[in-house]
*Asks:* 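Quick one: this structure, given as structure tokens, is what I'll be asking you about.
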Amino acid sequence: MTMLRELRTNMQAFYGRYSSLLHIIFKIMLSLGIFLFLRHEIPAGGLFGNIFVILVMALLSAVLPVQAIPVFGAFMLGGLSYSLGLAPFGITVLVLLILLFLFLRFSSAESTLILLFTPVTLFFGVPAVVPVCAALKQKMSSVLSVGSGVIVYYLIRTLQEFHITVITSSTDTSRDILTNLQALANGIFGQADMILNLIILCAVFILVHAFRSLPVRGAYPTAVVAGVGFYGFMMVFGSSTAGFDLSYVVLAAGCFAALVTAAIFIFFIHDVDYKAAENLQFEDDDYVYYVKAVPKIAVRTAYADAAAAEAEADDDDEDEEET
């Protein structure tokens, strides 16, 4: 365990040393991956199907705040839907405008990552990973990002199915706009698995957030186990009630992935030593405070000390230059 803590300390020191460069690399890789994912799922062509346009948007995302990535993604999704016809374009714009309104209202870097990763985890069959891990760190308002991510996933899947229908159909599906609008709306909001995933994943986030906020020992691991167990039970119960097929192998793999990912996440953000807990008391003019302080486990390494010394020297040089 000490070796893992030393590795964590070195990773944190490395990140602190090169955070500016790592942020740029991360945003380029994330935005490029998201845009290529959209292009692969909806290969409709047009301007936003051009790889050069995708690279330009990825480079712009690298120098802009991370909140720009879903905005570019919304433009790209709208452009891809427009090449499919007026009906999918109208539905896509309406859904994205509502989601962008909620996103801009509660926007933050962390909620942006939740919104971006939720559709990806649904695509790979491990949707519980995002709400479980996000609830360990984020505020309750981030549940909106989880729900928005679920809706975006089903919007992408519906557009993909519509694109396949256009290719394989012998009739002109773009003529009956009202029929297409109804079919697309049912594809996004009328599917039992979409409603089930939306309710369950949001409920998992709320449950994990509530458990990890309890002032008890082992609140974080308890919250993870409760959240993953609730997710697995509700998916089995909900699928049997709603009457759609559920792969128990995929469900078990998704629960296992959520447990492992959450354990790694807790190791980085909440590795505490309950044996060294202290009960503290202090006061000000209005209140007397009784606080139980539980220290995080920290390990010193030579690399971390060198990085801290270098950072301190850089700060001293900047102060001298300002003087």
Side-chain angles (χ1 to χ4, degrees), residues 4-5 7-16 19 22-23 26-27 29-30 33-34 65-67 69-70 102-122 124 126-150 152-153 197-198 200-231 254-274 277 291-299:
L4 292 176
R5 292 191 173 110
L7 176 62
R8 179 190 63 193
T9 302
N10 289 333
M11 291 175 63
Q12 291 171 340
F14 180 82
Y15 173 79
S19 59
L22 291 176
H23 282 170
F26 173 74
K27 286 192 289 186
M29 294 179 63
L30 176 62
I34 294 296
V66 71
Q67 289 89 337
I69 299 177
L102 294 174
F103 167 72
L104 294 175
R105 173 64 179 84
F106 301 99
S107 177
S108 68
E110 291 78 11
S111 61
T112 301
L113 296 179
I114 296 172
L115 174 62
L116 294 174
F117 281 116
T118 299
V120 176
T121 55
L122 277 164
F124 286 106
V126 290
V129 170
V130 171
V132 169
C133 293
L136 295 174
K137 187 69 175 176
Q138 302 307 312
K139 298 182 294 184
M140 184 63 76
S141 60
S142 295
V143 70
L144 293 174
S145 297
V146 175
S148 300
V150 174
V152 168
Y153 168 76
N197 273 302
L198 180 63
I200 291 178
L201 292 181
C202 290
V204 167
F205 182 96
I206 295 171
L207 181 67
V208 174
H209 187 279
F211 268 85
R212 67 94 168 171
S213 301
L214 296 175
V216 296
R217 181 172 180 171
Y220 276 58
T222 303
V224 170
V225 174
V228 174
F230 175 81
Y231 169 77
C255 292
F256 179 74
L259 288 173
V260 173
T261 307
I264 297 172
F265 193 66
I266 291 175
F267 178 71
F268 276 90
I269 69 167
H270 196 73
D271 185 23
V272 297
D273 184 6
Y274 287 104
V291 179
K292 183 176 182 179
V294 183
K296 291 185 177 182
I297 300 176
V299 177

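As a basis for the values below, the full set of heavy atoms in this structure was taken, side chains included, without hydrogen atoms, waters or symmetry mates. Small disclaimer: the values here were computed from a predicted structure and weren't measured.
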*Asks:* If you measure from CD on Gln67 to CG on Leu116, what distance do you get to the nearest 0.5 Å?
*Replies:* 10.0 Å
*Asks:* Work out which heavy atom in Arg212 is nearest to a heavy atom in Ala223; give both atom names and the distance.
*Replies:* N-CB, 3.6 Å
*Asks:* Sequence neighbours left out, what passes ring-ring contact (aromatic ring centres under 6.0 Å, His included) with Phe117? Give chain and number order.
*Replies:* none
*Asks:* Val132 vs Thr261, test: side-chain contact (heavy atoms from CB on, under 4.5 Å). Steps then yes/no.
*Replies:* CA-CA 9 Å; Val132 169; Thr261 307; over 6 Å; no
*Asks:* Contact between Leu113 and Val130 at the side-chain level, heavy atoms closer than 4.5 Å - yes or no?
*Replies:* no
*Asks:* If you take all heavy atoms of Pro119 and Gly149, which pair is closest and at what distance?
*Replies:*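 Pro119 and Gly149 have their closest heavy atoms at CG-O, 3.4 Å.
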*Asks:* Please report the shortest heavy-atom distance between His209 and Gln138, naming the atom on each side.
*Replies:* CD2-O, 3.2 Å
*Asks:* Within this structure, what is the CZ-CG distance for the pair Phe205 and Leu136, rounded to the nearest 0.5 Å?
*Replies:* 9.0 Å
*Asks:* Are side-chain heavy atoms of Phe211 and Val208 found at a separation under 4.5 Å?
*Replies:* no
*Asks:* Using a 4.5 Å cut-off on heavy atoms from C-beta on, say whether the side chain of Tyr153 contacts that of Thr118.
*Replies:*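 Result no, sub-4.5 Å side-chain heavy-atom pair not found.
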*Asks:* Could you walk me through whether Tyr231 and Leu201 satisfy the side-chain contact (heavy atoms from CB on, under 4.5 Å) test, starting with their C-alpha distance in whole Å, then the side-chain angles of each, then the deciding distance to 0.1 Å, before giving a yes or no?
*Replies:* CA-CA 7 Å; Tyr231 169 77; Leu201 292 181; 3.9 Å; yes
*Asks:* Which heavy-atom pair separates Cys202 from Val146 by the least distance, and what is that distance?
*Replies:* N-CG1, 4.4 Å
*Asks:* If I take atom CD1 from residue Ile69 and atom CG from residue Leu30, how far apart are they, to the nearest 0.5 angstrom?
*Replies:* 4.5 Å
*Asks:* On a heavy-atom basis, which atom in Ser148 and which in Leu115 lie closest, and how many Å separate them?
*Replies:* CB-CD1, 3.6 Å
*Asks:* Is the shortest heavy-atom distance from the side chain of Val224 to the side chain of Phe265 under 4.5 Å?
*Replies:*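 No; the side chains remain at least 4.5 Å from each other.
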*Asks:* In terms of heavy-atom contacts, does CE of Met29 have more than 12 from other residues, nucleotides or ligands at under 6.0 Å?
*Replies:*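 No, the 6.0 Å shell around CE holds no more than 12 heavy atoms from other groups.
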*Asks:* What pair of heavy atoms forms the shortest contact from Val228 to Ala258, and how long is it?
*Replies:* CG2-CB, 3.9 Å
